[in-house]
Amino acid sequence: MSDYLEGLNPPQRAAVEQMEGPMIIIAGAGSGKTRVLTYRIAHLLKNGVDSFQILSLTFTNKAAREMKERIGAVVGKSEAKNLWMGTFHSVFARILRSEADKLGYPSSFTIYDSQDTVRLMNSIIKELGLNKEQYKTKAILGRISQFKNNLITVKAYRNNPELIEADTMAMRPQMGAIYKAYVDRCFKAGAMDFDDLLLRTNELLVRFPDVLSKYQDRFRYVMVDEYQDTNHSQYLIVRALADRFQNICVVGDDSQSIYAFRGANINNILNFQKDYPDVKTFKLEQNYRSTSNIVEAANSLIEKNKTRLDKTIFTANDEGGKIKIMRTLSDGEEGRWVANSIFENAMNLQKTYDDFAILYRTNAQSRAMEDALRKKGIKYKIYGGLSFYQRKEIKDLLAYLRVIINPNDEEALKRVINYPARGIGATTIDKLTIAANHYGKSMFNVLQDLDNTDIKIQGATKNKLVNFSNLIEGFQISAQANNAFEVADEVVKRIGLIKDLQGDGTPEAVSKVENVQELLNGVKDFIEERKEQDLDNSLTAFLEDVALATSQDSKEDDEPMVSLMTIHLSKGLEYPYVYIPGMEETLFPSAMSINTRSELEEERRLFYVAITRAETQCYLSFAHTRYRWGKLIDCEPSRFLEEIDEKYIEHLAPQRDKVVANRFVDSNLFEDDIPRDKIRFRKPVSRSIRNQDKPAEKKTPFKQPQNLKRVTPSLAQKLGTSKPAQKLAVGNKVNHAKFGNGEVLQVEGTGVNIKAEVKFEGIGTKKILLQFAKLNILE
DNA sequence: ACAGAAAAGATTTTT
DNA sequence: TCTTTTCTGT
């Protein structure tokens, strides 16, 4: 019966068998963390713990679902069903729904996604008459998010001179007013943003001790996965809930903390031992995922971080291939190289495309990869980006459903009030907004009571408004009698959505219609699935599911495809072959994150996460030029490349071509790594042909030579320094244009500061900065 | 009120 | 480069 314990190594087993008291499992990458978590819950259940008493918080819905399935396999499905398992946001949304009235919210409160909050903030800034250059929507929202994650309410903000001072200094003196307006509007709309789901939970637990007591008593065993990525708000919730029984088990890896930018506090995991002095610590240090080359390379990288918990990741796996680094001229060439390499590996090693992943720092990098993959005929899927539920046609339909459930949901209302177009324009909406603010009512209430408001709206427009509000009220009545699918279907038919989308029959239009159809099917599936499991299948439940769904949660495809995603999204996943393009300064590490040590360390952890996704082979690449912001810019290899111990690395880029090198040195152009064909043939031919039918002044004639000139000096420097440590070794015989022949005695420094000590015949020893030296390797 | 044109903005990561 | 916002004229 307890055979599930057999396959575990000693620390894994010890962690599984530790049932009571505070404990922390420090789980290195690929150390079988999910297994331990799963079996630990199974173990609790087997030992008589009631499944209703376990709360398990994960980072993604997907992780929760998978874990539930695996537990179900061990202890039986019906038992697993009772577990409270999910993301912080989804679990606490559920709790907040049942306790909403205590906080003055309707239990059918809406969850605002980031699109909604941006729209709301835009209108607030406009209404307050603020300069939008000075008050950037995103920056303001980011600041408010910070406040909320640290439980700083509007009141607390106003009583905090330091915060006010900081905002005043940052040229945002109206921050407090904006914050208040934002919170008020959300509240009035019966809406919570993502941060509210945590903040309001805290409020609930603090203000209502009986509620806290209830949930403390209910959740006698609390588990938190990815603890290194919890923020302060989450930290407090967890601590409060576990306070009575102290059966709290957190799992995480400080080396994989990559969400500081959205408030994650790595100190939560670093200080856990201080919070619970009698904590039991378990370390899972054996990596089962990757080859030893990958594990060791990642170790050598992460050692460069100063703030770390003490642990040593090791593996018993094969050595495997070294980490391969490729250098290319341009981002386009980088993409082609990746696509080719995937194609060849799949072919030669008999792998399917499922075995490959391309992980990048920024979403913008996907394009070059996509282009190359498409040309090569390789199927791929992109995770992240616009999820299905964020597409316009879907959001529009969802907005109708939201208004039906919660007519005070202003963002949804504004979305649908004139969609499909029914002649209610911006002017009218502005008037309604003003009236709503003035009377302290929701916009929909104003609509229902037009006669008792003194806003000047023309008769024709007024009719349209009345028709609209009647339409919604009709839906609401229907929603009381019919299920979610029937309501959604009725909405689509009544507003003529399909007809509106069909339009001109372009492929885009067709796909929009299909999307709407798919959403309807989705509602149907949802209802049936929930019915089967005897769960809430209301429209409200559906909308909540959708609001908290992420792109990772989409269904699996049957056809094998290469996976493309940001490194952030890749956390928790693993692939045999991993490609990490764009290993360049200002891209990775990002230019925004090189100013402080902690930011840089987070970037390094991000790189660590990326490398450790790989099971058998990891490829890194960088380009010398890249299109960014529509401009061709020069790039320098990432500093991270030099931080991996050389012995785990193999460079794939061709070595310097000496003949070419010499020729270029003579003319003071020594970008000898550029293959000759590339110099001649990069696009100018086709461009000049295309330019023939364009006005002369618009064309950029022979951009190529221009680029060469502009690029030359710096590119030369970079090529000279790109891998000098490897290229220029002690003992090399070199030639210098001025000093003649010599022998390398020493190489020191990094990046642009690499120096070589060279003994020249008849001249003596010189220290030369490779960045400027015109050295040719003779042997 | 709306379509088409011009200008601005974006690219760090997201539950 | 490509998308989104704002302006302009009807």
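- Side-chain contact of Asp253(A) with Tyr227(A): a donor-acceptor pair under 3.5 Å is absent, judged by distance alone.
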Nucleotide-resolved protein contact map, nucleotides 2-10 of chain C, B/S/- at heavy-atom distance under 4.0 Å:
S---S----
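- Checked against Leu57(A) for a side chain to side chain contact (heavy atoms under 4.5 Å, CB included), the options Val250(A), Val91(A), Thr87(A) give a single hit: Val91(A).
- Atom P of nucleotide dT11(B) and atom NE2 of His568(A) are separated by 15 Å, given to the nearest angstrom.
- For the residue pair Asn406(A) and Ser108(A), no side-chain donor N or O sits within less than 3.5 Å of a side-chain acceptor on the partner.
- Here dT15(B) presents its C1' atom at 11 Å from CG of Asp229(A), a figure rounded to the nearest Å.
- Computed from coordinates, the Tyr235(A) OH to dT15(B) C1' distance equals 21 Å when rounded to whole Å.
- Residue contacts for Ser593(A): at a heavy-atom cut-off of 4.0 Å it reaches a base atom on one of the strands shown.
- One can place CD1 of Ile567(A) at 9 Å from C1' of dT13(B), the figure rounded to the nearest angstrom.
- Between Phe607(A) and Phe640(A), the angle of the ring planes stays under 30°, which puts this pair in the parallel group of the 30/60° scheme.
- In this structure, the CZ atom of Phe588(A) is 18 Å from the P atom of dT11(B), given to the nearest Å.
- The closest side-chain donor-acceptor pair between Glu370(A) and Tyr380(A) falls under 3.5 angstrom.
- Cation-pi geometry between Lys395(A) and Tyr389(A) is not met at under 6.0 angstrom from the ring centre and within 45 degrees of the axis.
- Ring planes of Tyr259(A) and Phe59(A): tilted class, angle from 30 to 60°.
- For Phe622(A) and Phe588(A), the gap between ring centers reaches or exceeds 6.0 Å.
- Atom P of nucleotide dT15(B) and atom OH of Tyr389(A) are separated by 14 Å, given to the nearest angstrom.
- When distances are taken from the side chain of Thr428(A) to each of dT14(B), dT12(B), dA1(B), the shortest belongs to dA1(B).
- For the residue pair Arg239(A)/Tyr235(A), the side-chain donor-acceptor check at 3.5 Å is satisfied.
- DNA chain B is contacted by both Phe194(A) and Arg628(A); Arg628(A) maps to the nucleotide lying nearer its 5′ end (nearest heavy atom per residue).
- Within the structure, every side-chain polar atom (N or O) of Ser590(A) is placed at least 4.0 Å from both OP1 and OP2 of dT11(B).
- Straight-line distance from the CG atom of Leu632(A) to the P atom of dT11(B): 20 Å, rounded to whole Å.
- Projected onto DNA chain B by closest heavy-atom contact, Ser114(A) and Ile424(A) fall at different nucleotides, the more 5' of which corresponds to Ile424(A).
- Contact between the side-chain N/O atoms of Asn363(A) and the OP1/OP2 oxygens of dT12(B) is not found at any separation under 4.0 Å.
- With a 3.5 Å limit on both pairing distances and Watson-Crick or G-U wobble geometry required, the stems of 3 or more pairs in DNA chain B span B:1-10 with C:1-10.
- In this structure, the CG atom of Asp116(A) is 16 Å from the P atom of dT15(B), given to the nearest Å.
- Phe59(A) comes within 4.0 angstrom of sugar-phosphate atoms only, judged by non-hydrogen atoms across all strands, and of no base.
- Ring-to-base geometry places Phe261(A) in a stacked arrangement with dT13(B) (centre distance under 5.5 Å, plane angle under 30°).
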For Ser233(A) and Asn149(A): C-alpha separation, side-chain torsions, deciding distance, then whether side-chain hydrogen bond (donor to acceptor under 3.5 Å, both in side chains) applies.
CA-CA 5 Å; Ser233(A) 192; Asn149(A) 284 332; 5.3 Å; no
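- Proximity of Asn418(A) to the phosphate of dC2(B): a side-chain N or O atom is located under 4.0 Å from OP1 or OP2.
- Within the 4.0 angstrom heavy-atom criterion, no nucleotide atom of any strand lies near Asp331(A).
- Lys138(A) comes within 4.0 angstrom of sugar-phosphate atoms only, judged by non-hydrogen atoms across all strands, and of no base.
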